[in-house]
Amino acid sequence: MPKYGMVIDLQKCVGCGACAIACKTENNTQDRADGQRFNWADFVYKEEGKFPNVKFAAMPVLCNHCTDAPCVKACPVKPKAMFKTPDGITMHNDERCIGCQRCQKACPYSSTDVDKDKAAYSVLSFNAHGGTTHPFYKDEKELIKDCTASGAQVAKVAGDMPPHRTLYKHPEYESVRRSGITEKCIFCEHRVKNGEQPYCVVSCPAKARIFGDLSDPGSDVSKALKAHNSVQLKNNKGELLKAGEKGTKPNVYYIRSYKAEAKKV
Amino acid sequence: MIRERLLHKALDRDAAVTVDRSRCLGMRLDGFACATCVDVCPAGAITTGDDIVLDADTCTQCMLCVSECPSGCFNGSKPDFYALASKLMRLGRSLSSPVLGCSGMPDRKAHIKGPCFGYLSYEHLIFLAFFVKDGFQVDLAGCVDCGNGFVKERIKERLDRIASYAFPGVAKRIILVLHEDELDYQDITYDRRGFFTVLKNATLSRTADLLDRQDKDVFSSAYSEKKLPFRRELLNKVLSSLSDKERKALTTNFYYTVGADNNCDDCFSCVGICPTGALKVGPGEASPRLAFSSALCSGCGLCSGFCINGSLRVEKGFWEDDPFSFSAVRR
């Protein structure tokens, strides 16, 4: 049985955001609202120093698919709506989810309100009770009056919500999730089980993301981890796990750290 | 489509009781101590564990689970209770006391027959007592010879309890026929017009039944969906038609209040776990506050069992004016 994980090569990553856009298209996630990010693939940007001696680093973040996933422990329903698949993916079932947000509270990489917590991101997002997911496509207000189309018009003409919706079929997940539940990255399991790579991996123009079986020493992820020292994230404030620190045993690794520096010549 | 439905009806008997897993308290909250259905089922047909299962072969269709489950997890697939109630109401105009019978007793005379009386919960009985004003008889005389005979005692207990809660006069409208010679059955005679009306109604209801329930195989709804148990719906219907005194008696004995202490940090987890939607995120002065509506609360206690701060408590009785409106949970 494989144990899926991801390695992100920070020296290859240019912080272009193609993975985030690819993910939004593939998984039909909605726009940020009310302290929820809805970005299954997101970013942490770090700026250090004082002009002109400044450093800048970009770090793509996503669900770490932890081996000791606290979100799974926190899920109250039976059978659990948040669970580990045999191949190590932290899976979420949208039918059994009751929307209590305990997973969001338990996950060190998530916040129930990113803005209030001053967090950088949240891998778990919550579709508010009684609301509509993708409210933008119900909105009849035009961006520029009598000039542009409204979201509602676009959705009507395209016949779907959102118009570029990727209609994947997954036993646990709808391609657009309902309101009143949480949602998160599922490592594009609908693609992985068909032998494809997660869409963020495919879309990365710099090939900075490597996805594969951590238990197979011959896999690209294992080779990359053997060749380089790696770090893992500790929380959604951008801190890293120190050497020897296990945390929740995240399965997303970062190699070859990189900071862009402005130097006086 | 119709052909398939007819075939289905002929070959597979519709399950007498359907189980909606998403409403089961033990399924919504792992480890929640509720075994009402297991305790109440005399046949031992219900098992709870990783899933809640009703064994159709062992089930004697006494319907006690339907009337006891606090969460409305079990539902009798037949009959349409409102249709039954309105028929009793209509019959009451021409007959002095119509008879509600059991379809398991083909030899006994009744004006309407339904499943085993076990489904007649407090809420069903209160509803019938208030709406069928002319009264009716429940024919329990046949229960002596029936394997589900224990149901008779339960119905008696329930009616006695309703009577003790300040509705003695109303409860008397339901006459329990315990012995054969107590039954007062009047034949209905139809004139020509009446005959065709009956024929039309019967045909309509059969056709409706055939066209309805296309998704009958889908019993489980999404866990995040809020659903009011049918019995609560009945009670709410009764409540809106009552005098102040009766209203008070009903809300004191059959409604609930959710309160919180100062440990509540408005995390709103309980809003998610609540199966009925009695709790919601309401407006507050500075930030949103937890709001509660008693009319939507089944008193299941899931919120208090789930609250991480141990802050919520569910109390029997509702003493404020309007159970239908949402108001901030009292601290």
Side-chain angles (χ1 to χ4, degrees), chain A residues 33-36 70-84 91-107 110-117 122 124-133 170-184, chain B residues 20-34 47-53 71 73 218-227 265-282 286-288 290-291 293 296 300 302-309 312 326:
Chain A
D34 306 324
Q36 304 298 321
C71 56
V72 172
K73 276 186 213 124
C75 183
V77 303
K78 196 166 70 174
K80 284 187 182 289
M82 191 74 82
F83 60 98
K84 296 296 287 185
M91 217 27 243
H92 186 219
N93 178 294
D94 62 353
E95 192 213 309
R96 292 197 297 274
C97 179
I98 55 169
C100 67
Q101 295 177 268
R102 281 278 162 89
C103 50
Q104 240 184 348
K105 278 165 216 159
C107 170
S110 294
S111 292
T112 50
D113 190 327
V114 175
D115 303 328
K116 214 193 264 170
D117 286 3
S122 176
L124 279 151
S125 297
F126 177 63
N127 297 331
H129 288 291
T132 45
T133 44
H170 192 281
E172 311 285 348
Y173 245 33
E174 298 276 353
S175 56
V176 166
R177 277 69 47 192
R178 64 169 68 87
S179 60
I181 64 167
T182 49
E183 58 173 59
K184 68 178 272 297
Chain B
D20 185 348
R21 181 159 58 107
S22 73
R23 299 301 112 182
C24 172
L25 305 179
M27 292 294 136
R28 289 181 80 83
L29 178 55
D30 193 1
F32 187 72
C34 174
T47 44
T48 53
D50 288 340
D51 198 355
I52 178 160
V53 181
S71 190
C73 177
V218 189
F219 295 128
S220 193
S221 40
Y223 283 44
S224 63
E225 213 174 290
K226 305 294 183 193
K227 264 192 185 166
D265 53 7
D266 288 308
C267 76
F268 305 123
S269 278
C270 49
V271 174
I273 201 112
C274 174
T276 60
L279 291 163
K280 73 169 190 183
V281 185
S287 57
L290 189 61
S293 161
L296 300 177
C300 69
L302 213 51
C303 51
S304 99
F306 185 52
C307 179
I308 215 162
N309 301 324
L312 292 177
F326 275 95

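By convention in this document, chain letters (A, B, ...) are assigned in the order of the sequence lines, proteins followed by strands, and residues within each chain are numbered from 1.
- Per-residue heavy-atom pair counts under 4.5 Å with chain B were compared for A:G99, A:G180, A:S179, A:C97, and the maximum is reached by A:C97.
- With chain B as partner, the option from A:Q104, A:Q101, A:R178 having the largest number of non-hydrogen pairs under 4.5 angstrom is A:R178.
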Test side-chain contact (heavy atoms from CB on, under 4.5 Å) applied to B:S224 and A:E95, step by step: CA-CA 7 Å; B:S224 63; A:E95 192 213 309; over 6 Å; no
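- Comparing A:V77, A:I98, A:D94 by heavy-atom pairs within less than 4.5 Å of chain B, the highest count is held by A:I98.
- Here B:S269 is the residue among B:G31, B:S269, B:C270, B:C274 with the most heavy-atom pairs under 4.5 Å with chain A.
- To the nearest 0.5 Å, the span separating NZ on A:K105 from SG on B:C267 amounts to 3.5 Å.
- By the neighbour-count criterion of 12 heavy atoms within 6.0 Å, atom NZ of B:K226 is densely surrounded, having more than that number from other residues, nucleotides or ligands.
- For the atom pair OH (B:Y223) and CD1 (A:I181), the distance works out to 13.5 Å, reported to the nearest 0.5 Å.
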Check against side-chain contact (heavy atoms from CB on, under 4.5 Å), A:C100 and B:F306: CA-CA 10 Å; A:C100 67; B:F306 185 52; 3.5 Å; yes
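- Screening A:R102, A:K73, A:K78 for a salt bridge (Lys or Arg N to Asp or Glu O under 4.0 Å) involving B:D30 leaves a single residue, A:K78.
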Derivation of the side-chain contact (heavy atoms from CB on, under 4.5 Å) call for B:R21 and A:R96: CA-CA 10 Å; B:R21 181 159 58 107; A:R96 292 197 297 274; 4.2 Å; yes
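- Neither the backbone nor the side chain of A:K80 comes within less than 4.5 Å of any heavy atom of chain B.
- Listed here is the closest heavy atom pair of A:P79 and B:D50: CD-O, 4.0 Å.
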